[in-house]
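Here's the structure we're looking at; comments come further down.
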2 protein chains.
Amino acid sequence: MDFSDYVPSVSVDCVVFGFHQNQLKVLMLKLKHLNLWALPGGFIENNQSATIAADKVLKDRTGLEGIYQQQFHVFTDPERSQTSHIEQLISNDVLDKDVLGWFKNRFISIGYYALVEYSKVNKPEPDFLSEKCQWVSLDELPELMLDHEEIIKRAYVRLNQDLYQKPVGINLLPEKFTMPELQALYETILQKKIDRRNFRRKILSLNIIIDTKEKRMGSNNRAPIVYKFDKTKYHQVLKEGYHINLF
Amino acid sequence: MDFSDYVPSVSVDCVVFGFHQNQLKVLMLKLKHLNLWALPGGFIENNQSATIAADKVLKDRTGLEGIYQQQFHVFTDPERSQTSHIEQLISNDVLDKDVLGWFKNRFISIGYYALVEYSKVNKPEPDFLSEKCQWVSLDELPELMLDHEEIIKRAYVRLNQDLYQKPVGINLLPEKFTMPELQALYETILQKKIDRRNFRRKILSLNIIIDTKEKRMGSNNRAPIVYKFDKTKYHQVLKEGYHINLF
DNA sequence: TCAAAAGTGTTAACTGTACACCCATGT
DNA sequence: ACATGGGTGTACAGTTAACACTTTTGA
């Protein structure tokens, strides 16, 4: 393995959020032969920006392109770099021992959070260090490598803050969705109950979603209206920001 | 010069804001023999976090410790690294040519903004590359090295956003200040006029400033009340955040 | 026709906004 | 005593919050 194409000392870690069964999930990798989980991550090629590097990580794990991503923090504590898991991976023949030199470097990691439509991630792909890649519920995190738990926590805090400013949550839903679905998403991320009627009014007043004139049939109650985003207005609001008072 | 103590490929740049004569100023360095200005910056020692490295930059330039600082963005565009100014500094004998190897690296820079009390910075110190270090008004920026103009712009955008969420502006004022002074600061940063009476009410309702029972004498009008921060409550609010509607 | 959950509307409480007036200070 | 600008109060408008009723769907 040759790491000379990568910027030394810098890595990228992605906290990929998905929303399923009214739970916020994170895409995680289970390391081979170790009882440890890790965030999808990678290194930055010499001619890449970190954003492009993050795009590649996202593409490799989820198969998707054009995912919404947001750089949220850089993790620079010198204590965050540990190689014990790398050494174990080497002794389990997962990694060749000539890579230890690279991993012995201290790494500064740029944290991105990404929002994906859960159902579009059909078969998340593990990387060369891991045996599986799967969704893990945010409130049932397993034991994580290095400072990855802190990275997730911070990503979540930032997502939470951002949701008050911009309609980012929309990236977690499929193209078509109902008002109750959108509300469940907001309630999950913000961790508070919101009045159904007030929520609807506020969201509609943003003028970023459109009634498709369809209804979601199939349940034992009145069929909710199916909406989709008004992409033009959505991007406008995303840029400008707003403040929804959902306290 | 020996750079082996530093983390390769990573630098720290600080946008140091000060407030003087109702203007927002930034601390800038004038490069030796070049008609170019630069932000205070530095590299990260092997056992330092980026925050500590930024602290050192701030200490070296301003002489102050414990300055309020906030990491706001990482600049990773591969095109941002250029060495033409370094080469010119070498040909002017400012730098020894054996440092070119280090500076030829591509750098990823972690941007911090810092807020200091203008009057406490008595004699800003240039670094080894620069001939002077001084305050420059935000709206009269000279020609800047690399992407430093973009870094400043982004720092300002972030400061602006943060001011709506947390009472950060306080760090730009001396320990004791009056309501009109605080308002002038807000109006400058937010770039909008605010109604005097409404401003006062909102700020006071945050309960983070205390009437010192003193008055600022000396001008031809009613002497304004002198306030100071309630540090305990201030730090609490800083952590929790709020939203002031000053639109 | 019933339960469940969605759509719609109304009012009271609160917050923000736009003002006018009075007061202290130095000349 | 007057000009200047700071401190205080108040009423209106706009927004948010709390809540009740009607409608649609599948069983």
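The chains referred to below are lettered A, B, ... by the order of the sequence lines, with proteins before strands, and numbering in each begins at 1. Every value quoted in this text rests on a predicted model; they were computed, and no experiment measured them.
- Under 4.0 angstrom from either OP1 or OP2 of D:dT15 there lies no side-chain N or O belonging to A:Lys202.
- Residue pairs meeting the salt bridge (charged side-chain N to carboxylate O under 4.0 Å, His left out) criterion with at least one member in residues 15-26 of chain B, sequence neighbours excluded, do not occur.
- Every residue two or more places apart in sequence or in another chain that forms a side-chain hydrogen bond (donor to acceptor under 3.5 Å, both in side chains) with A:Tyr234 is listed here: A:Asn171.
- One can place OH of A:Tyr227 at 12 Å from P of C:dA6, the figure rounded to the nearest angstrom.
- Legend: salt bridge (charged side-chain N to carboxylate O under 4.0 Å, His left out) pairs involving residues 217-233 of chain A, not counting sequence neighbours: none detected.
- Here D:dT16 presents its C1' atom at 15 Å from CZ of A:Phe199, a figure rounded to the nearest Å.
- Between the CZ atom of A:Arg216 and the P atom of C:dG7 there is a distance of 11 Å, rounded to whole Å.
- We find that CG of B:Leu204 is positioned 16 Å from C1' of C:dG16, with the value rounded to whole Å.
- Nucleotide C:dG7 holds its C1' atom 11 Å from the CG atom of A:Asp211, rounded to whole Å.
- Pairs engaging residues 174-189 of chain B under the salt bridge (charged side-chain N to carboxylate O under 4.0 Å, His left out) rule: B:Lys176-B:Glu214, B:Glu181-B:Arg216, B:Glu187-B:Lys193 [sequence neighbours left out].
- We find the CG-CH2 distance between A:Leu144 and A:Trp37 to be 9.5 Å, quoted to the nearest 0.5 Å.
- The CD atom of B:Glu181 sits 12 Å away from the C1' atom of D:dG6 (whole-angstrom rounding).
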Between the protein and nucleotides 19-25 of chain C, are there any N/O to N/O pairs under 3.5 Å, and if so, what are the atom names and distances?
unit_1	atom_1	unit_2	atom_2	d
C:dC19	N4	B:Arg197	NE	2.9
C:dA20	N7	B:Arg197	NH1	2.8
C:dA20	N6	B:Arg197	NE	3.3
C:dA20	N6	B:Arg197	NH1	2.4
C:dC23	O4'	B:Arg222	NH1	3.3
C:dC23	O2	B:Arg222	NH1	3.4
C:dA24	N3	B:Arg222	N	3.1
C:dT25	O4'	B:Asn221	O	3.2
C:dT25	O2	B:Asn220	O	3.0
C:dT25	O2	B:Asn221	N	3.3

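- Each end of the helix from C:dT1-D:dA27 to C:dT27-D:dA1 gets its own axis from five base pairs, and the two axes differ in direction by 0°, given to 10 degrees.
- C:dT17 atom P lies 17 Å from atom NZ of B:Lys193, rounded to whole Å.
- Between A:Arg200 and the phosphate of C:dA6, there is no side-chain N or O to OP1/OP2 separation shorter than 4.0 Å.
- For B:Glu131, the side-chain hydrogen bond (donor to acceptor under 3.5 Å, both in side chains) test picks out B:Lys30, with sequence neighbours left out.
- Screening residues 60-75 of chain A for salt bridge (charged side-chain N to carboxylate O under 4.0 Å, His left out) gives A:Lys56-A:Asp60, A:Lys59-A:Glu65 as the qualifying pairs, with residues at least two apart or on separate chains.
- Under the 3.5 Å distance criterion, the side-chain polar atoms of B:Ser109 are left unmatched by any main-chain donor or acceptor of B:Phe75.
- In this structure B:Asp147 satisfies the side-chain hydrogen bond (donor to acceptor under 3.5 Å, both in side chains) test together with B:Arg80, sequence neighbours excluded.
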